[in-house]
There are 2 protein chains.
Amino acid sequence: MRQRYDATASERGRTGARQRRDTGVPKQVDYEERRRRIADSVCSLIARSGMEAVSLRDVAADAGVSMGAVQRCFRTKDEMLLFALEHISARVGARAHTRLAQSPEPRSAATLLARTLSAIALADPEDRTDAQVWLAFVAHAAVSEPLAAVLCQTYTDLHDLLVWLIGYGKDTGEFRADADPELAARTLLALADGLTAHVLVGHRTPESAHDLLSRYAEGLAAPPR
Amino acid sequence: MRQRYDATASERGRTGARQRRDTGVPKQVDYEERRRRIADSVCSLIARSGMEAVSLRDVAADAGVSMGAVQRCFRTKDEMLLFALEHISARVGARAHTRLAQSPEPRSAATLLARTLSAIALADPEDRTDAQVWLAFVAHAAVSEPLAAVLCQTYTDLHDLLVWLIGYGKDTGEFRADADPELAARTLLALADGLTAHVLVGHRTPESAHDLLSRYAEGLAAPPR
DNA sequence: GCCGTAGTGATGCGACTGCATCGGAACGAT
DNA sequence: ATCGTTCCGATGCAGTCGCATCACTACGGC
């Protein structure tokens, strides 16, 4: 059997087939890196002309590798798409955390929350590509169980992040004590996703989306009186 | 030139080619009705296996007509998809108005709003099919200008309906006087769309979605004290 | 030197795609 | 009866799809 990518485990080390090491590494290729490259090409194609325009040939051409190379990285097209989803899911999650971490100096809970939300909503024009890809996967997940599972996990992670953030605001006394973190997080996550879609089809502007999210975040702030 | 469907105008009456009338009607077929049938099949296929699984042959088979008949109704596949989008857009809009009109007896503004919203959100299990189709079109609209235009119009109509509904609540004094109908309508529309997606991928239950929408509607109600 | 193996690009294959075209059936008019 | 027109289902066609398989190269171990 050939050496091929296994979606669930990338460990090498079949019986006796020792992994080539450090310097020598004659032909061994960095599969992780190649898979990421391919996933990026998949995303790029989806953003350019939609999910149904993704073919193995076009992906290979875009990634600058042969079709055979793509097929060795992923057994089937579905496996490739699944990996691409995990890829951008991770990117969205990472972006949310990054934006949160490097938030500017007046780190009020409301500001932190708003920044995190706009990262999740992918509202900024430079995130449009990711937003298109994300939306395409969400739509496809409605008819593909494995994709839906990955999305659910990502949503849960983001939800937990929001819950923590709101709880933090309550602890500092900046958010009203009677706020329900669970409820607010659910609302905000759905709101962010809906706004993503509205911005993409041109019904809302990115600024409007950002404004709406900020307004809701402000609604959590300040004790009633 | 053959007689064919024109997307923008369905009027007959080319020079001298009189339309067959009333009783005789030998072969003349009801094109409107057939187009609706085909659009239903398109939606059914999308709901079953996604937008990229829609082919002219499968649509024809599902609709119980020949492929030639489909091609005579729609010049191209894109034209067919566009019509299908208009078809379900109209259905969603109609459903919102219907649910609003036949709302049960205690017709408080909050109840009316909540019912309308759950119609828009397509949260109920029996609307799942429509929700899948809707989401698929939204995703596709991100890379297709004509589809985006139709969606924008539909969104605007729904937005106006929500604005009117909230204004109505303010007039009756049931909603707080300082509520901003525009802001609330935008938020609610995005919230409804986001919840649709979350329910479809299984991250939220329909009940949870309905609950969230009701909570927000309640937030509009009752003067601060 | 030779062999085994991992990795490569190229090509083949059957299925399916959207779209164009065709011969003929069903009718009104003459 | 014979047109002319309108509608119909069937088939043809060039292109593309996902996937399998190929012959070949580059290398370490012996």
Side-chain angles (χ1 to χ4, degrees), chain A residues 1-6 10 12-35 37-38 42 45 49-82 84, chain B residues 1-6 10 12-35 37-38 42 45 49-82 84:
Chain A
M1 185 201 287
R2 298 286 188 80
Q3 164 71 47
R4 277 199 154 156
Y5 171 59
D6 180 338
S10 56
R12 297 291 143 79
R14 287 169 50 238
T15 53
R18 299 289 298 125
Q19 168 75 343
R20 292 191 179 89
R21 34 185 85 256
D22 46 30
T23 50
V25 196
K27 233 356 181 4
Q28 190 77 347
V29 124
D30 186 345
Y31 274 89
E32 284 299 329
E33 138 76 9
R34 193 206 291 272
R35 258 180 269 138
R37 266 252 305 260
I38 292 176
V42 170
L45 280 174
S49 22
M51 168 136 282
E52 52 264 18
V54 174
S55 75
L56 294 187
R57 282 166 180 82
D58 292 349
V59 169
D62 188 281
V65 301
S66 77
M67 223 180 92
V70 176
Q71 292 183 268
R72 220 167 315 97
C73 279
F74 305 103
R75 263 189 293 272
T76 67
K77 186 187 181 185
D78 283 344
E79 207 172 73
M80 178 181 76
L81 291 178
L82 184 61
Chain B
M1 185 201 288
R2 298 286 187 81
Q3 163 73 47
R4 278 199 154 156
Y5 171 61
D6 180 339
S10 56
R12 296 292 144 79
R14 287 169 51 236
T15 51
R18 299 288 300 123
Q19 168 75 341
R20 291 192 179 87
R21 33 186 87 259
D22 48 28
T23 51
V25 196
K27 230 9 183 348
Q28 190 76 348
V29 125
D30 185 346
Y31 274 88
E32 285 299 329
E33 138 75 10
R34 192 204 291 269
R35 257 179 269 138
R37 264 252 305 258
I38 291 176
V42 170
L45 279 174
S49 22
M51 168 135 280
E52 52 265 17
V54 174
S55 75
L56 294 187
R57 282 167 179 81
D58 292 350
V59 169
D62 189 281
V65 301
S66 77
M67 226 180 87
V70 175
Q71 291 183 266
R72 223 165 310 100
C73 280
F74 305 103
R75 262 189 292 273
T76 68
K77 186 187 179 183
D78 284 344
E79 206 173 75
M80 178 180 76
L81 290 178
L82 185 61

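Protein chains get the first letters and strands the later ones, always in sequence-line order, with residue 1 at the start of each.
Close to dC8(D), at under 4.0 Å from its OP1 or OP2, lies a side-chain N or O of R72(B).
Contact of the M51(B) side chain with the L81(B) side chain is registered, since non-hydrogen atoms from C-beta on lie closer than 4.5 Å. Taking 4.5 Å as the limit, every side-chain heavy atom of V70(B) sits out of range of all side-chain heavy atoms of R34(B). Using a 4.5 Å cut-off on side-chain heavy atoms (C-beta onward), I38(A) and F74(A) make contact.
Closest of all the heavy-atom pairs between M80(A) and L56(A) is CE-CD2, 3.8 Å.
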Base versus backbone protein contacts along nucleotides 10-16 of chain D [heavy-atom cut-off under 4.0 Å; B, S, -]: --B----

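Rounded to a whole Å, the CD atom of E79(B) is 14 Å from the C1' atom of dG18(C). A straight line from CE of M80(A) to C1' of dC17(D) spans 12 Å, rounded to a whole angstrom. What separates CZ of R34(A) from P of dG7(C) is a distance of 9 Å, to the nearest Å. Spacing between atom CG of L45(B) and atom P of dG18(C) amounts to 11 Å, rounded to whole angstrom units. Look at CG on D58(B): it is 16 Å from P on dA15(C), rounded to the nearest Å. If you take NZ of K77(B) and C1' of dT17(C), they are 8 Å apart, rounded to a whole angstrom. Between D78(A) atom CG and dC19(D) atom C1' the separation is 12 Å, expressed in whole Å.
In this structure S66(B) satisfies the side-chain contact (heavy atoms from CB on, under 4.5 Å) test together with A69(B), sequence neighbours excluded.
For the salt bridge (Lys or Arg N to Asp or Glu O under 4.0 Å) condition, the pairs that include at least one residue of residues 55-66 of chain A, sequence neighbours left out, are R48(A)-D62(A).
V54(B) comes within 4.0 angstrom of the backbone, heavy atoms only, and of no base.
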